[in-house]
Every structure is written in structure tokens, then in C-alpha cells.
Amino acid sequence: MERPRHRFLRMATLGILTACVLLGPVRARAQEPSPDEAPRYFGGHQYIPSTIVPDPFISTTFTTTTGFGRAMGLEVPIYNLDNEQIGELEGNIGFMLLEFNYQQRLGSRFALRGGAVATARVGTTAEAILSEGISALYGYGIGGSANLARKEKWQLTATVDLRGNTLYAMSPLAFVQAVVEEIESGDSTGAVQSAQDTLLSSGDNLRVLGGLRGAYTPSEWIGFTAFVEGGLGERFSRSEDNTTVINFGAAVSFDLRPLTGKAVGLLGTFRRESLGERGDDDLGDSEAFGLGIFYTGRRFFSIGLENSWSQVRQLRADSKIDVGQARIVMRYDFR
């Protein structure tokens, strides 16, 4: 019988190849950008880069992101040996993030990209450390963009992406529960095996997504970007079925230099995800709102602070947790 993971990889590869075949022969009546034109300077507006809402620009770009944050209001249900809930633990979690992304422009209409990310999280209270322990996640992404249309004030780009993550977790609470359960049943050998299986665990997932990204510039001081993507997603646990994934969002970019002469840019973002990608299987859909402030004195370089607040559904407790993040974003666009 074909393994579910192999079947998923085959479907993902077939989807990417199909998208490339469909996008390859597209002939967009596009306005070709100048080789010396800054890719984020479009329609007279200098767009602010965002890690929450990706932009549609075909460019050669290197981006680094360093972030930290806190998840508050985490609820962990506690069950007895009869699988009856007897209480719950509450706590907060702190985490850090480091991410690198590079995109290579291929002519005026195509671009390929790749990236890597690492995150680590740990409870900030005794209850959170007991219930959630410590976890680390490593991820990668590869993808491509094809410009469908580029006019004076708007442009549209099609995208294909494959993203994967590997999660390592240590759970003291799950370890204690498993050992007690096996000892109560009189199986000391099983207790040792449960310790090995529950104290340290790992899992990985994949996402294969296709979508559209667009930009519209009504004025030199303001611009809008938006994206939508959908596809298939794996869960970290192999006991869970694969599921569909739909993500979408929008951003508004303000450049204050045309209005005040100050090299300052402001950013507002919104993003919705139907399935948590960089957490675990206990996280469901989420909505995130962000605000950023950036230096806009150079067209090929940006640096700034992007903050976000989100609510993430916690499936096992049927509740939502609040997550606050701050990210230092640095982006350089090559000529």
C-alpha cells in the first residue's frame, strides 16, 4: 500500500509541475520595468516590505527577519486515567524567530525563491513549562512567481510554493501522564517505553500552495498589496489526515516622504490562516493584525520594526490564545 507521505509528495510535485506548465506560456500585456528601477518603487510609491503579507514584485531580493514574541492565555486540559477532564493548566509561552529569504529574478517576468526559518519556544511560568515544555522548529520554503500583468498602477503575479517544517518537542506533563498510566496498569516495561515516546517527540509537515499576489498604487504616498493562496497541507502527527489550506491577507503601505519630507514609512497588515503552519497540531485557524514603521530613505534598502497581534484557535481547549510578536526586518533589493 502506498504510504500517505509518499502520496502527498507525489501530489505536491504534480501540482507544482502543472502550475509551471500553465504559467510558462502566459503572455501578459505587461509594462516592462526598467532594469535600474527599484522593484518596490511601483507606480510612484515606495512599498514597505512585510513578513506577514508577501508582495508580488519580480525582483532579486535578500531579507532577514529576527523576531520575538509571547503567547498568552494558553489552556491545557488535564485528564485522569479514565480520560475524564479533572482540571486545566494555564500559562504563557515566549518564543524567538530567525528567518532568511532569497529571491532571484529571471528576466522581467519570473522569479525563484528559497528560505529557511528556525523558531524556539519555552514556557515563561512553571505551569507552562510543565504543560508545554520546550520545542524547536526548523523550516524551509521554495517557490516561484510569474508576472501575469503589469500596468502603470497595478500588477498581478501568480505563485507556487512548497514549504516544510520539522518540530522537536519535550513535554514533561505528557511524560508523567504516560508513566503513571502504565504503572497503574502494572506494566513497568511499558512505562519505560512511554517515557521514550512522550518526553521527546518529533514530527514534520508539508504545504503545497498556489495563489495570486497583487499590488495597486492610487497615489505616490499610499499603496495596497494583497494575496490569496490555497492547497494541501500535512499535519505533524501521522495519525491525522491531510487537509486543505487557505491563506489570504492584505497590507496598506504609507510613505510619508512625499507628504512631509521625512524618510519614514508606515505599514498596516491583516492575514488569516486556516491551519497553523509553524506551531503544532493543536493550533487551528488564526487572524493576525500588524503595524510597522520603516526607514524609507533608500529605494533598494529597507529596515524597520513590524509588530503583530493575533488570535490563534487552540483545538484541544476549544479556545483562542493571544499572540504578540515583534520582528526586525531588513531587506535589500539588488539592481
Side-chain angles (χ1 to χ4, degrees), residues 48-54 61-76 89-102 113-141 163-174 199-205 207 236 247 249 267 269 271 273 275-295 302-314 320-332:
I48 309 300
S50 172
T51 60
I52 299 174
V53 178
T61 300
F62 178 69
T63 305
T64 65
T65 304
T66 304
F68 53 91
R70 191 175 186 182
M72 298 158 284
L74 180 72
E75 297 180 2
V76 180
L89 295 176
E90 296 185 1
N92 301 325
I93 290 178
F95 57 90
M96 297 185 64
L97 172 146
L98 182 63
E99 186 171 5
F100 301 94
N101 289 284
Y102 179 78
R113 57 182 166 270
V117 60
T119 66
R121 70 176 189 177
V122 63
T124 59
T125 62
E127 295 82 3
I129 294 175
L130 175 63
S131 60
E132 290 300 299
I134 301 172
S135 65
L137 181 144
Y138 305 92
Y140 67 90
R163 298 195 288 266
N165 298 285
T166 299
L167 176 68
Y168 299 93
M170 181 177 70
S171 176
L173 181 60
L199 181 60
L200 297 174
S201 61
S202 64
D204 51 81
N205 67 9
R207 302 283 191 272
F236 287 106
N247 304 324
L267 178 71
T269 57
R271 181 186 178 104
E273 295 184 351
L275 181 67
E277 182 172 329
R278 293 177 179 172
D280 51 44
D281 289 339
D282 293 321
L283 300 181
D285 59 284
S286 64
E287 299 88 25
F289 298 87
L291 291 173
I293 181 168
F294 282 76
Y295 168 71
S302 286
I303 187 170
L305 179 65
E306 185 176 20
N307 301 301
S308 68
W309 172 83
S310 60
Q311 282 197 322
V312 182
R313 185 174 301 279
Q314 189 182 9
K320 289 189 176 183
I321 57 177
D322 295 322
V323 180
Q325 298 185 60
R327 301 181 180 186
I328 300 173
V329 181
M330 183 176 67
R331 169 168 166 164
Y332 185 81

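Just so you know, residue 1 is the first one in the sequence shown, and it goes up from there.
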Original post:
Does atom CZ of F68 have more than 12 heavy-atom neighbours, drawn from other residues, nucleotides or ligands, at distances under 6.0 Å?
Top reply: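 Incorrect, the count does not exceed 12.
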
Nearest heavy-atom neighbours spanning [X] and [Y]:
{"X": "T269", "Y": "S50", "result": "CG2-OG, 3.6 Å"}
{"X": "L305", "Y": "F294", "result": "O-CE1, 4.0 Å"}
{"X": "A118", "Y": "Y138", "result": "CB-CD2, 3.9 Å"}
{"X": "I52", "Y": "S308", "result": "CD1-CB, 3.6 Å"}
{"X": "G115", "Y": "N101", "result": "CA-OD1, 3.5 Å"}
{"X": "F95", "Y": "R121", "result": "CB-CB, 3.7 Å"}

Original post:
Side chain of N165, backbone of D204: donor and acceptor closer than 3.5 Å?
Top reply: no

Subject >> Under 3.5 Å side-chain donor-acceptor pair for D322 and Q311 >> reply: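 Yes, a side-chain donor-acceptor pair sits under 3.5 Å.
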
**OP:** Check whether the side chains of R331 and S302 place a donor and an acceptor atom closer than 3.5 Å, and report yes or no.
**Re:** no

Subject >> Contacts of type salt bridge (Lys or Arg N to Asp or Glu O under 4.0 Å), residue R113, not counting sequence neighbours >> reply: D161

**OP:** Could you check L267 against L291 for side chain to side chain contact (heavy atoms under 4.5 Å, CB included), going step by step and ending with a plain yes or no?
**Re:** CA-CA 5 Å; L267 178 71; L291 291 173; over 6 Å; no

Subject >> Stepwise side chain to side chain contact (heavy atoms under 4.5 Å, CB included) check, T119 with V117 >> reply: CA-CA 7 Å; T119 66; V117 60; 4.2 Å; yes

Original post:
Hey, mind stepping through T65 and L97 against side chain to side chain contact (heavy atoms under 4.5 Å, CB included) and telling me if it holds?
Top reply: CA-CA 8 Å; T65 304; L97 172 146; 4.0 Å; yes

Original post:
Do E273 and S310 have side chains that get closer than 4.5 Å, going by heavy atoms?
Top reply: no

**OP:** Assign the ring pair W309 / F289 to parallel, tilted or perpendicular, where the plane angle (0 to 90°) is split at 30° and 60°.
**Re:**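 Parallel: the ring planes of W309 and F289 meet at under 30°.
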
Original post:
Can you name the side chain to side chain donor-acceptor pair (under 3.5 Å) partners of T51, sequence neighbours left out?
Top reply: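 Residues passing side chain to side chain donor-acceptor pair (under 3.5 Å) with T51: E306, R327.
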
